[in-house]
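Please read the structure below before turning to the comments.
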Protein chains: 2
Amino acid sequence: MGLKVCSFNVNSIRARKELILKWLQEKEKNIDILCLQEVKVQEELFPYKDFEEIGYKAVVYSQKAYNGVAVLLRRNIDHIIKGIGDEYFDQQKRVLSVKTGDLWIINVYAPHGDLRGEDKYYYKLDWYRRFSQFLKDNFSPEEKIIMVGDFNVAIEDKDVWNPELLKDSIGTMPEEREAFRNILNWGFVDCFRYLYPDKKQFTWWDYIGGAVWRDEGMRIDYILATKPVVEHLKDIYVDTWTRKRRKPTPSDHAPVIGLFEGIK
Amino acid sequence: MGLKVCSFNVNSIRARKELILKWLQEKEKNIDILCLQEVKVQEELFPYKDFEEIGYKAVVYSQKAYNGVAVLLRRNIDHIIKGIGDEYFDQQKRVLSVKTGDLWIINVYAPHGDLRGEDKYYYKLDWYRRFSQFLKDNFSPEEKIIMVGDFNVAIEDKDVWNPELLKDSIGTMPEEREAFRNILNWGFVDCFRYLYPDKKQFTWWDYIGGAVWRDEGMRIDYILATKPVVEHLKDIYVDTWTRKRRKPTPSDHAPVIGLFEGIK
DNA sequence: GTTTCAGCAG
DNA sequence: CTGCTGAAAC
């Protein structure tokens, strides 16, 4: 009777629909809240029906070709916030907040970024600043909040397979880490690292060169929780069932799954 | 101990590979000579290996994105002619001739054409003239020749589902029919019509509107044979096993299969 | 309706 | 390496 929450960057809901449905039915039958990133589809074209048939209501905030997030759940939907309240940044559909009971779910797809000095490098840092503001404006660390998603930052060196090789690359730069750290400092706990201080576990592996087979990846997908929720954290793990296959082609990310017990 | 010859416009060997292999192994296990059209792939990228594994040697004459033909066979390859000996027309890879024993196989993908007066309308008629010349230059009607392929012409009104509706459309125009008739008159018999003078049987159905389910098609794929071969013709049929399905997506054409008995 | 490509994004 | 778009071809 725990609460099972999943964050999964699917890299296109259309390309991945069959695999996700199979996974939900054969491997992870009792996920309560499924947060998807990079669904890359117009909202009207989201396959609502397929997920309804297995019991999920879908809240979708998305756009054509890029970005797009969705929260699928088997619980009441009591409030929805689409975007971060910024006309400029909300041109890219990256954040969807859904309240169920007294629990907020914030589903995030942070910008990928680029190398230092490039346009997208600055966009990412600016986005993080604006996103911090959004959190401060709408939530309090005293509330029950589970924030999940692809933050496109590996918070520590132990979260990348080869820190020397990947020093100062996208997702490991100190200024990116600081931007993400600000979010945590506001009042979130990194659930995975909280339970497993030393574990090497990645959530993303490059498609190129079959990196997943040598476990050359990064941990950039997170389940974060405010203090009132962390108390209920029971376990958290990365499920490579979808990722470690060739056909049908998987997402380059694996889902992260958190278990919370005794939460209403 | 007959000879089974197949003509199949696959509309991309890469998109269709799995379906064709499945069909060859589950439905048509004993095809001796398989002629493919519109393989749409660079020769280096043709999946030679997959067909070798089930016993076929592949001779490929193809190009990127458009056109491209291949002859797959389980017999000796004694001579190969690529193209029609014309630098201009051979920019489009449409004709591949393979000799096995004293039997010639000529595999043809004729131009699609366009409505009267358009560039591609003239290209098609010009191509037919040049192709006639190629036949005269290289072969004799006294030889054993099986010529197959997508000729993009429905030779008679009974070869289209609605002759009134499709009058003067691509593939039914009198000048296209005359161009194809010239080929037949040189010394080829239309094997299907020879055995079945009145049968309504199409080989192509438009993807649009699910035409195949209402049998709204055209007969534009043929197996032709010179007199010394027609004597051995036993049967000919269109196999809709691949065409009548939704997944994996089939070609818009169905294969035509001819049976010749007592041929060396 | 389906496939191809280039160009872009990740 | 995989995905999406938009145009062109059929």
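Everything numeric in this text was worked out from a predicted model, so none of it was measured. Numbers restart at 1 for each chain; the letters A, B, ... are given by sequence-line order, proteins then strands.
Note: B:Phe131 and B:Tyr128 have perpendicular aromatic rings, judged against thresholds of 30 and 60 degrees for the angle between ring planes.
Residues passing the side chain to side chain donor-acceptor pair (under 3.5 Å) test with A:Tyr109 are A:Glu38, sequence neighbours excluded. Residues satisfying the side-chain contact (heavy atoms from CB on, under 4.5 Å) test with A:Gln92, not counting sequence neighbours, are A:Gln63, A:Asn67, A:Arg94, A:Tyr123. Shown here are the side-chain contact (heavy atoms from CB on, under 4.5 Å) partners of A:Lys120, two or more places apart in sequence or in another chain: A:Asp114.
When rounded to the nearest whole Å, the span between CG of B:Leu115 and P of D:dA9 equals 14 Å. A straight line from CZ of A:Arg243 to P of D:dC1 spans 12 Å, rounded to a whole angstrom. One interatomic measurement links the two molecules: NE2 of A:His253 to C1' of D:dG3, which rounds to 12 Å at whole-angstrom precision. Going from atom CH2 of B:Trp127 over to atom P of D:dC10 covers 14 Å, rounded to whole Å. Atoms CG (A:Leu19) and P (D:dG3) sit 11 Å apart, rounded to a whole Å. Atom-to-atom, CG of B:Asp114 to C1' of D:dA8 comes out at 13 Å; the value is rounded to the nearest Å. Protein atom CG of B:Asp119 is 11 Å distant from nucleotide atom P of D:dA9, rounded to whole Å. Rounded to a whole Å, the CG atom of A:Asn9 is 16 Å from the P atom of D:dT2.
Residue B:Ile31 comes nearest to B:Ile257 through the heavy atom pair CD1-CD1, 4.4 Å, listed as atom of the first residue, atom of the second, then distance.
For the pair A:Asp159 and A:Arg177, the salt-bridge criterion is not met [side-chain N within less than 4.0 Å of a carboxylate O].
Each of B:Ile13, B:Ile20, B:Leu21, B:Leu24 was compared with B:Asp50 under the side-chain contact (heavy atoms from CB on, under 4.5 Å) criterion, and only B:Leu21 meets it.
From the 5' end on, the contacts that DNA chain C makes with chain B at under 4.0 Å to a non-hydrogen atom open and close at C:dG1 to C:dA6.
Non-hydrogen atoms lying under 4.0 Å from DNA chain D are contributed by A:Tyr207, A:Ile208, all within residues 203-211 of chain A.
In this structure, a donor-acceptor pair under 3.5 Å is present between the side chains of B:Asn11 and B:Tyr207.
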Got a list of protein N/O to nucleotides 4-6 of chain D N/O distances below 3.5 Å?
| from | atom 1 | to | atom 2 | distance (Å) |
| --- | --- | --- | --- | --- |
| D:dC4 | OP1 | A:Ser12 | OG | 2.7 |

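Applying the 6.0 Å contact sphere to CZ of A:Arg246 captures no more than 12 heavy atoms from other residues, nucleotides or ligands. Heavy atoms of other residues, nucleotides or ligands lying less than 6.0 angstrom from CD of B:Glu87 number 12 at most.
Nucleic acid contact class of A:Arg16 (heavy atoms, under 4.0 Å, all strands): sugar-phosphate only.
Remark: aromatic rings of A:Tyr222 and A:Phe180 are close, center separation under 6.0 Å.
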